[in-house]
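The next block holds one structure in the form of structure tokens; read it before the comments.
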Amino acid sequence: MTVAALNRPEAEDIKVADVRPDRELESCNHLLDDHAALERFYDENGYILLRGVFDQASVAEARDAMLRVAEKLGLARADDPEGKYTGGAFDGGMEESDIYSGIAARLIEHPANLAVMEKVLGEPACAVPIVQYRTYPPNGPTTVVHQDGFYSPGIQDYKPVWITLTPCTREMGGLALAVGQNKRGYFHNTAKPAPYPIPRDAIPDDAWATTDYMPGDVLIVNPFTPHCGMPNRSDRLRISFDSRVQSAANPSAIAATVKAVTPDSITVDAGARGELTVKVDADTFIRVLHPGKREPFEGFADYTVPGMRLVVVRDGDRAVMLRKASEG
């Protein structure tokens, strides 16, 4: 596969309004006990959709925890499992707030749910310490059309996971995917400023698909699959989160605390994995201050300070990516 991004300074950018997901995503439940067949579907189509496979009590617990946050933000009542929007102002920028800490990890690490993820990976699984939480009100934010892998270089053999905690119909703005487009490399246009928007003509109009999602459903999205969140045109919050799962035995990404920094290296405390020192260079994908924006290598030792919690992705003794951590 060619993975290089595009360089088209004159290209028109794709917008969420351009996406018309007329196709229906297919359930893969019948493949869950045949890992080879599940992987073939994933490689061919760029996703895996599993219906109702997560433990319902654990899903309800995660929903209620996010609703309690939504009530604090003035967006919904904590005792309303439908998440009806109560009209509070939504300023955005809360996706990786510590106010949600632990909700995703508790859900994914529930034994029954980890067993599902083990079938998806074909080996014992663990969570990547990167989570985006979303309590999006009507006419609220939409995620731009993007490919996860473009923003997370170096994380090998992981699978992005999207989970809704309340019923998420098309009206509520669930995820839309460009089916089969994962086999064509990256579409992000590096001739444009971050977030390096994808050109309008890079993805066939008839590739887009979505569905009505229900609590307990799990959507796994290939890191190369273009996708976006659709507009919420309902009267309820879209309560969902994005996470990632990876090999428990050989994790590519680890959560760590910065201990020391030099102009070209970083030393971190990786918990049970001990202390780790890795080289940092101009090719390291650095976003330690803000999870959505790449920071320059110049001055790295000035803005990266002891005590920061980071996700470290390495190749041998070199840091491929340093990213602000979400604590699950």
So if you build clusters from Ile, Leu, Val, Met, Phe, Trp, Tyr with side-chain heavy-atom gaps below 4.5 Å, do [X] and [Y] land together?
X    : Y    : value
L165 : M117 : yes
V179 : I14  : no
V313 : F285 : yes
I266 : L276 : yes
Y213 : V19  : no

With heavy-atom distances below 4.5 Å as the criterion, would you say the side chains of [X] and [Y] are in contact?
X    : Y    : answer
L50  : I220 : yes
D235 : Y85  : no
L107 : V59  : yes
P223 : R244 : no
I203 : V145 : yes
K192 : R8   : no
Y133 : I99  : no

Audit row: R309, D98, salt bridge (charged side-chain N to carboxylate O under 4.0 Å, His left out) steps and yes/no: CA-CA 12 Å; R309 287 287 290 171; D98 290 343; over 6 Å; no
I'd like to know if [X] pairs up with [Y] as an ion pair, taking the criterion as any Lys NZ or Arg NE/NH1/NH2 lying under 4.0 Å from an Asp or Glu carboxylate oxygen.
X    : Y    : answer
K259 : E275 : yes
D205 : R20  : no
K324 : E295 : no

Got a donor-acceptor contact below 3.5 angstrom from the Q181 side chain to the G46 backbone? no
With a sphere of 6.0 Å drawn around NZ of K84, does it hold more than 12 non-hydrogen atoms of other residues, nucleotides or ligands? no
Atom CG of N29: over 12 foreign heavy atoms under 6.0 Å: yes
Go through the side-chain N and O atoms of [X] and [Y] and say whether any donor and acceptor fall under 3.5 Å apart.
X    : Y    : answer
Y136 : E95  : yes
S247 : E123 : yes
R238 : S240 : yes
R51  : T211 : yes

Between atom [atom1] of [X] and atom [atom2] of [Y], what is the distance when rounded to the nearest 0.5 Å?
X    : Y    : atom1 : atom2 : answer
H290 : R323 : NE2   : CZ    : 9.5 Å
L177 : T210 : CG    : OG1   : 7.0 Å
K15  : T142 : NZ    : OG1   : 12.0 Å

Does the ring centre of H188 sit less than 6.0 Å away from the ring centre of Y151? yes
Looking at F150 versus F224, is the centre-to-centre ring distance below 6.0 Å? no
Classify the ring geometry between Y303 and F300 as parallel (under 30°), tilted (30 to 60°) or perpendicular (over 60°). perpendicular
Under the rule for side-chain hydrogen bond (donor to acceptor under 3.5 Å, both in side chains), what residues qualify as partners of D212, not counting sequence neighbours? R170
